[in-house]
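Only this structure's heavy atoms are used, side chains among them; waters, hydrogens and symmetry mates stay out. Note that the structure is predicted; figures quoted are calculated from it, not measured.
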Amino acid sequence: MINSNYLIFLLSLLLIQAFTQHHAATSDQTNAPFVGVNIGTDVSNLLPAPDLVNFLKHQKITHIRLYDANPDILRALSGTDIHVTISVPNNQLLAIGSSNATASSWIRKNVAAFRPATRITAVSVGDEVLTTLPSAAPLLLPALLSLHAALVDSNLHNDVVVSTPHSASIILNPFPPSQAFFNQTLETFILPLLHFLSQTNSPLMLNLYPYYVFMQNNNLVPLDNTLFKTIPASKQMVDPNTLLHYTNLLDAMIDAAYFSMKNLNVSDVVVLVTETGWPSKGDSKEPYATLSNAVTFNSNLIKHVLDRSGTPLHPETTSSVYIYELFNEDLRSPPLSEAYWGLFYGNATPAYLLRVSGVGPFLASDNANQTYCVAGDGVDLKVLQAALDWACGPGRANCSEIQPGESCFQPNNVKNHASYAFDSYYQSLGKSPGSCDFKGVAVITTTDPSRGSCIFPGSRNLSNKTKQVVNTTHSSNAGDNLKFRTFRSIEISAIYDILHNYLVAIFPLLLLFVL
């Protein structure tokens, strides 16, 4: 006979094991690195808050960072599973850093009032205060402490972290990473900040831009290394002190931060990249701000993060990143590139098409398969003409519609004719990889270039039935999102149901052994 207490013990072990496995799986998903987006609002035609949130859901964007605590956006996010970082602007730092009551009021108004319906998970305090607003540096830690204390009072400190984004310039001598250190004139502020982050399990927020490092050192840093392109070992950056090989510049910048913290005996704070990206257009002084480089950098960045490969120093830890930014901010002041960091225009049409298929749902627009190949902006006209000649000649594109008197002849210019020829070639090859390049003068777009009676080859491939299906994808996605949101609420009860049914099934057998 088996003792009944022993059976109860065995059943308890089964229960503990089931819930431990469930918790581990959930924890792994929660702690997985993510790619989020920054949302700036210097946009002339920014979507209304409800439309913006629908767009975020449609694009499978799960993490966003706001530069304020816009109540309309926070209300519209209610009931979604989108993680939100809200911000205390620099102009509010004085009031919050000087008054605990003001900090408490800010948390009540901007965090507690919206949680838990809106998933606010972090408060970003100021922006690059130590380097852009040094006079406010003494107020930074008091502001963090006051806001954290207010979160404790609201019992939200386990759900919402508090940190502050820094410029990469707070780290000196960043390469090789093993020789990096924090600017010693700022150490009196940085060290206590790091201790606060360590004690509250909050990340070190850094704005890291390989683009600017490359622009300032383009004779020393290879472009391919900056863009995450695959490079041979002979061209990788090697830290002479650690012999670690760096295949991309961002990893080197992140490890420089870890080495800098190590020099101050801080080893338990993770790096969160609050801003990184690449502009798609610039003026004559910014020759590398191009559509092609922006596509390459952001596409490879997303793949790199979601591959969870970490850095050479910490392969076990992959930093999450927020891409700067979601929308082109056309109201930004010069230089020209300031208005062209976005993945989309303010009306939600793509600025360019990322190459991220197969790496996850992030930015997986339902109309991603409706792509066209067109001539890029600002390209060399001689190269463009040569590419047009090749497409209509050896490339065997169907160029009949751009002949005089045909529907796509006007406007009669090289760019218009090249766009039609490029799309004909691209569609004829089934939109295969590499079929829309033409020595860098062509780009892929999701915007239909057809106009009037001129119908591009990619548009001809869409039947009325297909268009009808595309038009109904939003309602289909809504159902998918509902299933996703409700899954977490039912998974615990589902586990209980499974265990209950299992115990009911084996209970008669257990009784036989006991009795």
Side-chain angles (χ1 to χ4, degrees), residues 45 280-284 287 289-296 328 330 336 339-340 342 344-355 365-471:
N45 56 346
S280 60
K281 190 174 183 180
D283 56 32
S284 59
T290 66
L291 202 63
S292 176
N293 286 342
V295 170
T296 301
N328 280 335
D330 59 313
L336 183 63
Y340 288 94
F344 295 86
Y345 295 103
N347 62 2
T349 59
Y352 48 83
L353 188 65
L354 293 171
R355 298 189 291 266
S365 170
D366 284 334
N367 65 352
N369 288 325
Q370 292 176 243
T371 56
Y372 311 84
C373 182
V374 297
D377 293 328
V379 298
D380 187 288
L381 290 181
K382 291 182 179 179
V383 178
L384 191 62
Q385 180 67 60
L388 169 61
D389 294 341
W390 184 90
C392 293
R396 304 186 68 177
N398 183 354
C399 298
S400 59
E401 293 298 317
I402 54 176
Q403 301 306 312
E406 299 299 329
S407 59
C408 294
F409 178 71
Q410 296 292 346
N412 180 18
N413 58 58
V414 175
K415 184 178 180 182
N416 170 59
H417 291 178
S419 290
Y420 187 93
F422 292 170
D423 193 53
S424 174
Y425 179 80
Y426 175 65
Q427 303 296 336
S428 70
L429 293 185
K431 298 184 278 192
S432 61
S435 60
C436 182
D437 181 59
F438 297 95
K439 294 189 176 181
V441 297
V443 295
I444 296 173
T445 179
T446 57
T447 302
D448 189 347
S450 303
R451 60 197 178 278
S453 61
C454 176
I455 307 301
F456 269 56
S459 296
R460 289 201 185 98
N461 294 339
L462 293 175
S463 66
N464 290 332
K465 180 178 179 181
T466 303
K467 291 179 180 178
Q468 183 178 2
V469 171
V470 170
N471 288 336

(request) Output the distance between atom OG (Ser435) and atom CD1 (Ile444), rounded to the nearest 0.5 Å. (result) 6.5 Å
(request) Could you tell me which residues satisfy side chain to side chain donor-acceptor pair (under 3.5 Å) with Asp330, sequence neighbours excluded, listed by chain and number? (result) Ser44
(request) Assess the pair Phe438 and Phe422: is the distance between their ring centroids shorter than 6.0 Å? (result) yes
(message) Quick one, Cys436 and Tyr425 - any side-chain contact, counting heavy atoms below 4.5 Å?
(response) no
(message) With a 3.5 Å distance limit and no angle check, can you tell me whether Asn412 reaches the backbone of Pro404 through a side-chain donor-acceptor pair?
(response) no
(request) Search all heavy atoms of Pro411 against all heavy atoms of Arg451 and return the closest pair with its distance. (result) CD-NH2, 3.5 Å
(request) In sequence, state the C-alpha distance, the side-chain angles, and the governing distance for Ile402 and Leu388, and then conclude on side-chain contact (heavy atoms from CB on, under 4.5 Å). (result) CA-CA 11 Å; Ile402 54 176; Leu388 169 61; 4.3 Å; yes
Can you give me every donor-acceptor pair (side chain of residues 392-401, partner residue at least two apart or in another chain, under 3.5 Å) with its distance?
{"unit_1": "Asn398", "atom_1": "OD1", "unit_2": "Ser400", "atom_2": "N", "d": "3.2"}
{"unit_1": "Asn398", "atom_1": "OD1", "unit_2": "Ser400", "atom_2": "OG", "d": "2.8"}
{"unit_1": "Glu401", "atom_1": "OE1", "unit_2": "Ser407", "atom_2": "OG", "d": "2.6"}

(request) Might you point out which heavy atoms bring Lys415 and Gly376 nearest each other, and give the distance in Å? (result) CE-O, 3.9 Å
(request) Could I get the full list of side chain to side chain donor-acceptor pair (under 3.5 Å) partners for Ser292, not counting sequence neighbours? (result) none
(message) What's the separation between atom OG1 in Thr290 and atom OH in Tyr352, rounded to the nearest 0.5 Å?
(response) 10.0 Å
(request) Mind listing the closest non-hydrogen atom pair of Ala442 and Cys373 along with its distance? (result) CB-SG, 3.8 Å
(message) For a quick test of reading the model, state the closest non-hydrogen atom pair linking Lys439 to Val383 and the distance between them.
(response) CB-CG1, 4.5 Å
(message) Measuring only between side-chain heavy atoms, which start at C-beta, is Val374 closer than 4.5 Å to Asp423?
(response) no
(message) Can you confirm whether Tyr372 sits close enough to Ser419 that some side-chain heavy atom of one is under 4.5 Å from a side-chain heavy atom of the other?
(response) no
(request) Mind checking ring-ring contact (aromatic ring centres under 6.0 Å, His included) for Tyr426 and listing every partner two or more places apart, or none if nothing turns up? (result) none
(request) Could you pull out all residues at least two apart from Phe409 that satisfy ring-ring contact (aromatic ring centres under 6.0 Å, His included)? (result) His417
(request) Heavy atoms only: give me the nearest Ile455-Cys408 pair and the separation to one decimal. (result) N-SG, 4.0 Å
(request) Tell me, please, which residues at least two apart from Asp380 pass side chain to side chain donor-acceptor pair (under 3.5 Å). (result) none
